[in-house]
2 protein chains.
Amino acid sequence: MKDVVSRCPIEETMRVLSGRWPTLLLYYLKDGTKRFSELRRDNPTVSHRILALELRKLEDAGIVRRTAHQGYPLRVDYDLTEPGRRLVPLIDALGAWWVHTQDDRTGGSEANLETAA
Amino acid sequence: MKDVVSRCPIEETMRVLSGRWPTLLLYYLKDGTKRFSELRRDNPTVSHRILALELRKLEDAGIVRRTAHQGYPLRVDYDLTEPGRRLVPLIDALGAWWVHTQDDRTGGSEANLETAA
DNA sequence: TGTAAATTACGCACTATTCTGTAACCACGC
DNA sequence: GCGTGGTTACAGAATAGTGCGTAATTTACA
């Protein structure tokens with residue numbers, strides 16, 4: 001459960017996307033470039049340590065690109081890579097699945113789809 | 001961070017699918033009905049406690065249906081519900097995304113798509 | 001003019017919480 | 001006693017949060 005490299009692509013993908021933060025960060029980054037502090041403001045419940053760790057994980061996975069500008073009060077930009085952008089609609093589809101499923105349970109006939117755009 | 005019901009459907013979906021086992025179980029169940037012990041054999045690295053917990057989680061989420069036959073040496077069947085079956089192609093798409101992404105890194109021009117059907 | 005404070009993006013150490021695994025046990029019918 | 005599906009009790013591992021420190025520079029203020 002440590003360095004087991006599975007050959008299963010789904011397992012590999014879930015290794016990166018599992019947890020609360022990865023998909024949320026994808027969600028906030030799909031609008032464009034964000035700075036570290038902006039991402040913290042977007043989501044105040046994540047600690048800075050975890051945010052840094054998660055961003056690094058996404059960077060290692062090739063989903064997010066980190067751009068550090070050397071300068072005075074320090075400044076780092078994050079944005080999605082091409083693979084990262086390709087991931088966005090898939091994650092949106094998962095959200096739509098959830099909405100659809102809840103809809104089946106609570107409502108019934110009248111669809112009240114709120115498919116994330 | 002305990003019983004916080006988020007309004008974000010993606011977060012809700014990931015709450016169920018996060019971790020190693022949910023997507024794997026979906027994968028094994030997409031072929032049809034399986035018994036508890038079959039799922040253990042399919043995936044020997046999961047402990048039976050965790051398997052029971054994960055199956056219950058998926059059942060609560062409405063993804064898996066549990067059918068207990070009362071009888072001699074006890075027998076329980078698991079299979080996917082309708083929402084569960086709708087989830088399968090989305091998960092396959094995540095796998096395909098991974099394959100594609102790895103392909104971009106190692107290979108380059110010639111696409112070697114293995115989009116799971 | 002000197003000093004303190006704020007800013008930004010973290011790293012490190014420590015703690016708290018959560019997850020996962022092991023082992024034992026239950027019920028049942030044979 | 002065996003095998004089935006499942007639960008509980010406890011232990012260890014993984015994950016998450018808190019708070020302090022750092023770098024360089026600007027601002028706050030007496």
Side-chain angles (χ1 to χ4, degrees), chain A residues 1-6 11-12 14-26 28-29 32-61 64-80, chain B residues 1-6 8 11-25 28-29 33-61 63-79:
Chain A
M1 221 142 303
K2 205 147 293 183
D3 46 1
V4 180
V5 179
S6 84
E11 228 178 314
E12 289 303 318
M14 291 311 292
R15 198 193 302 282
V16 178
L17 296 186
S18 276
R20 289 182 63 186
W21 311 120
T23 50
L24 267 191
L25 295 180
L26 267 286
Y28 286 120
L29 284 172
T33 300
K34 288 277 177 89
R35 298 180 37 199
F36 188 86
S37 50
E38 289 181 289
L39 288 169
R40 289 218 63 191
R41 269 187 289 276
D42 283 338
N43 199 102
T45 58
V46 68
S47 68
H48 74 254
R49 192 178 90 92
I50 296 301
L51 180 57
L53 288 174
E54 294 290 332
L55 284 170
R56 183 167 298 277
K57 200 174 71 172
L58 292 175
E59 193 195 351
D60 291 345
V64 157
R65 183 179 49 179
R66 200 184 97 107
T67 312
H69 314 266
Q70 68 271 58
Y72 336 110
L74 208 53
R75 182 198 165 92
V76 182
D77 285 338
Y78 292 94
D79 63 346
L80 296 182
Chain B
M1 225 141 299
K2 205 146 295 184
D3 48 0
V4 180
V5 179
S6 83
C8 173
E11 228 178 313
E12 290 303 318
T13 306
M14 290 311 292
R15 201 194 300 280
V16 179
L17 295 185
S18 276
R20 288 184 64 186
W21 310 121
T23 50
L24 268 190
L25 295 180
Y28 287 120
L29 284 172
T33 300
K34 288 275 176 89
R35 297 179 39 196
F36 188 86
S37 50
E38 288 181 288
L39 288 169
R40 287 217 65 191
R41 268 187 289 275
D42 283 338
N43 199 100
T45 59
V46 68
S47 68
H48 85 217
R49 191 179 92 94
I50 295 299
L51 181 56
L53 289 174
E54 293 290 333
L55 284 170
R56 179 170 299 279
K57 200 174 71 173
L58 293 174
E59 192 193 353
D60 291 345
I63 293 172
V64 157
R65 182 180 49 178
R66 201 184 95 106
T67 313
H69 315 265
Q70 67 272 58
Y72 342 110
L74 210 51
R75 181 200 166 94
V76 181
D77 285 338
Y78 292 94
D79 63 345

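These numbers come from a predicted model, not from an experiment.
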Calculate, to the nearest 0.5 Å, the distance between atoms CG and CZ belonging to B/Leu74 and B/Phe36 respectively.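 The CG atom of B/Leu74 sits 10.5 Å away from the CZ atom of B/Phe36.
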So which nucleotide from [options] ends up closest to the side chain of [X]?
X       : options                : value
A/Tyr78 : C/dC10, D/dG17, C/dG21 : C/dC10
A/Arg66 : C/dA9, D/dG17, D/dT4   : C/dA9
A/Ala52 : C/dT8, C/dG21, C/dC10  : C/dC10
B/Ser47 : D/dT4, C/dC10, C/dT22  : C/dT22

Under 4.0 Å: is that the gap between some side-chain N or O of B/Arg56 and OP1 or OP2 of D/dT7?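 Result: yes.
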A/Ser37 side chain near C/dT7 phosphate (N/O to OP1/OP2, under 4.0 Å): no
Heavy-atom side-chain proximity of A/Leu25 to A/Tyr78 below 4.5 angstrom: no
Pairwise side-chain contact, A/Glu11 with B/Leu24, heavy-atom cut-off 4.5 Å (strictly under): yes
Length of the line joining [X]:[atom1] and [N]:[atom2], which is rounded to integer Å:
X       : N      : atom1 : atom2 : value
B/Arg20 : D/dA14 : CZ    : P     : 12 Å
A/Arg40 : C/dT8  : CZ    : P     : 12 Å
B/Leu39 : D/dT4  : CG    : P     : 14 Å

Return the polar atom pairs (N/O with N/O) between nucleotides 23-27 of chain C and the protein under 3.5 Å, or none.
none

The side-chain contact (heavy atoms from CB on, under 4.5 Å) partners of B/Asp42 (sequence neighbours excluded) come to B/Tyr28, B/Lys34, B/Leu39
Identify, with sequence neighbours excluded, every residue that meets side-chain contact (heavy atoms from CB on, under 4.5 Å) alongside B/Arg35. B/Ser37, B/Glu38, B/Arg75, B/Asp77
Nearest-Å distance once atom P is located in both D/dA23 and C/dG2: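 The same atom, P, in both gives a distance of 23 Å.
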Counting only N and O atoms by type, is there a donor-acceptor contact under 3.5 Å from the side chain of B/Thr33 to the main-chain atoms of B/Asp79? no
Have a look at A/Glu54 and say if it touches a base, only the backbone sugar-phosphate, or nothing, with a 4.0 Å heavy-atom cut-off.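 Sugar-phosphate only.
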Above 12 or not: heavy atoms from other molecules or residues under 6.0 Å from CZ of B/Arg40?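 Counting neighbours around CZ of B/Arg40, more than 12 heavy atoms of other residues, nucleotides or ligands fall under 6.0 Å, so yes.
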